[in-house]
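Just so it is clear: chains get the letters A, B, ... in the order the sequence lines come, proteins before strands, and each one is counted from 1.
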There are 2 protein chains.
Amino acid sequence: MEPDRELLKGNTPTLVLAVLRDGPMHGYGIAREIERRSNNALKFKEGTLYPALHALERDGMISGVWRKEPGGRDRKIYNISDAGRSFLVERTSAWQSFTTAITSVIGGQDESTSSTVRERLAREFK
Amino acid sequence: MEPDRELLKGNTPTLVLAVLRDGPMHGYGIAREIERRSNNALKFKEGTLYPALHALERDGMISGVWRKEPGGRDRKIYNISDAGRSFLVERTSAWQSFTTAITSVIGGQDESTSSTVRERLAREFK
DNA sequence: CAAGTATACATTGGATTACGATGCATGTCA
DNA sequence: TGACATGCATCGTAATCCAATGTATACTTG
């Protein structure tokens, strides 16, 4: 019963694409940027990030190019593709309707609730 | 790459508790109520619902009582406990900060972005 | 200059979760 | 009588996140 980490599930590709939409970046930088934008609320671990990047590349959402940096470190710079852009749009709207749905449920019963059954049950268990 | 169903992960206990907060109910009814409140955006399958109910009962968040209905069907009516109520409050606030974080990341870079690295990378890949 | 920290890539195994499939039993309605 | 909805439940599969671990380089601090 520790759903905190579970909340993230399914959102990783969307977050990565959202960062890449604003410009090319390498894996480590993407993780940093997500943490920064979310005020450290969202922290990406390597075990989460790299599999996600590989899957996105495999599916043609992003494309990575190896770069030899002057210092000597090798970096893989990722670019978002057209498919990635439209996928991001689709994911963003899915996220929006999802949050709306959750909020409606958490918010409580609305005025249209047929509360007869509920009231009867509440009475019986009083 | 079909994260739709994954979005739900981690939210099931919260949704169940939110319904139960407004009154006792049996499993099937909880599923119906969640669908109704979310305008059918959220659909609960038995394979999701009953394990969640059992886990919540095991952890003392809810308590179930078997009822013999006049018709003959046996129902298990669930009540939320005090622990369940405070857990729900905690979960609700976690959900709120989580959506805020995701929205910030998806929304794009804010004005405080130090975009030097990004601009250099964008130039190099032009 | 040695040691620690940060950068940057990556893999593996475990744990959790949602869901489709399936089963059983009863009540209702045409 | 047969189809369908209600209502409980379990099992196996697939997906996902993350801690742990590994390699290697650069920078910083005592």
Side-chain angles (χ1 to χ4, degrees), chain A residues 1-16 24-36 41-59 62 64-78 91 98 101-102 117 121, chain B residues 1-16 24-36 41-59 62 64-78 91 98 101-102 117 121:
Chain A
M1 180 88 47
E2 195 167 342
D4 269 67
R5 47 186 284 188
E6 299 298 329
L7 291 179
L8 195 58
K9 292 211 170 181
N11 290 304
T12 307
T14 310
L15 296 176
V16 170
M25 180 139 280
H26 55 92
Y28 200 83
I30 294 171
R32 287 294 89 73
E33 177 69 5
I34 289 175
E35 290 179 16
R36 195 193 58 76
L42 268 25
K43 291 194 189 293
F44 264 70
K45 312 300 159 140
E46 288 84 350
T48 306
L49 177 67
Y50 290 106
L53 283 173
H54 300 160
L56 282 168
E57 187 169 23
R58 182 199 59 207
D59 295 342
I62 62 178
V65 184
W66 281 103
R67 301 277 289 170
K68 262 233 143 33
E69 289 289 301
R73 283 197 207 101
D74 284 357
R75 287 175 163 183
K76 198 169 185 182
I77 310 287
Y78 290 98
R91 283 287 84 211
F98 177 70
I102 295 278
V117 177
L121 284 170
Chain B
M1 182 86 48
E2 197 166 339
D4 269 67
R5 46 187 284 190
E6 298 297 330
L7 291 179
L8 195 58
K9 293 212 169 181
N11 290 304
T12 307
T14 310
L15 296 176
V16 170
M25 180 137 282
H26 55 93
Y28 201 83
I30 294 170
R32 286 294 89 72
E33 176 69 5
I34 289 175
E35 290 178 15
R36 196 192 59 75
L42 268 26
K43 291 193 189 293
F44 264 70
K45 313 301 161 138
E46 288 83 351
T48 306
L49 177 68
Y50 290 106
L53 284 172
H54 300 158
L56 281 168
E57 187 169 25
R58 183 200 58 207
D59 295 342
I62 63 179
V65 184
W66 281 103
R67 301 276 289 172
K68 262 230 140 38
E69 291 289 301
R73 284 199 207 99
D74 283 357
R75 287 175 162 182
K76 199 169 185 183
I77 310 288
Y78 289 99
R91 284 287 83 210
F98 176 69
I102 295 279
V117 178
L121 285 170

Tell me whether R67(B) is salt-bridged to D74(B), with the criterion being a basic N under 4.0 Å from an acidic carboxylate O.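 Answer for the salt bridge query: no.
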Within this structure, what is the [atom1]-to-[atom2] distance between [X] and [N], rounded to whole angstrom?
{"X": "D59(A)", "N": "dT16(D)", "atom1": "CG", "atom2": "P", "value": "10 Å"}
{"X": "K43(A)", "N": "dA6(C)", "atom1": "NZ", "atom2": "C1'", "value": "15 Å"}
{"X": "E46(B)", "N": "dA25(C)", "atom1": "CD", "atom2": "P", "value": "17 Å"}
{"X": "H54(B)", "N": "dT16(C)", "atom1": "NE2", "atom2": "P", "value": "18 Å"}
{"X": "K76(A)", "N": "dT23(D)", "atom1": "NZ", "atom2": "P", "value": "21 Å"}
{"X": "I77(B)", "N": "dT6(D)", "atom1": "CD1", "atom2": "C1'", "value": "13 Å"}
{"X": "R32(A)", "N": "dC9(C)", "atom1": "CZ", "atom2": "P", "value": "10 Å"}
{"X": "R58(B)", "N": "dA9(D)", "atom1": "CZ", "atom2": "C1'", "value": "17 Å"}

What pair of heavy atoms forms the shortest contact from [X] to [Y], and how long is it?
{"X": "Y50(A)", "Y": "Y28(A)", "result": "OH-N, 4.0 Å"}
{"X": "F44(A)", "Y": "A31(A)", "result": "CB-CB, 4.0 Å"}
{"X": "G64(A)", "Y": "E57(A)", "result": "N-OE2, 3.0 Å"}

Does a side-chain N or O of Y50(A) approach OP1 or OP2 of dA10(C) to a distance below 4.0 Å, or not?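 No.
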Reckon H26(B) has a side-chain N or O less than 4.0 Å from the OP1 or OP2 of dT6(D)?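 False: H26(B) side-chain N/O out of range (4.0 Å or more) of dT6(D) OP1/OP2.
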Heavy atoms under 4.0 Å, any strand shown: does G47(A) hit a base, just sugar-phosphate, or nothing?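 Base contact.
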N11(A) versus F98(A): any side-chain heavy-atom pair under 4.5 Å?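 Answer no - side chains too far apart.
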Of the nucleotides [options], which one has an atom closest to the side chain of [X]?
{"X": "T12(B)", "options": "dC17(D), dA10(C), dA18(C)", "answer": "dA18(C)"}
{"X": "K45(A)", "options": "dT10(D), dC18(D), dA10(C)", "answer": "dC18(D)"}
{"X": "W66(A)", "options": "dA9(D), dA10(C), dC19(C)", "answer": "dA10(C)"}

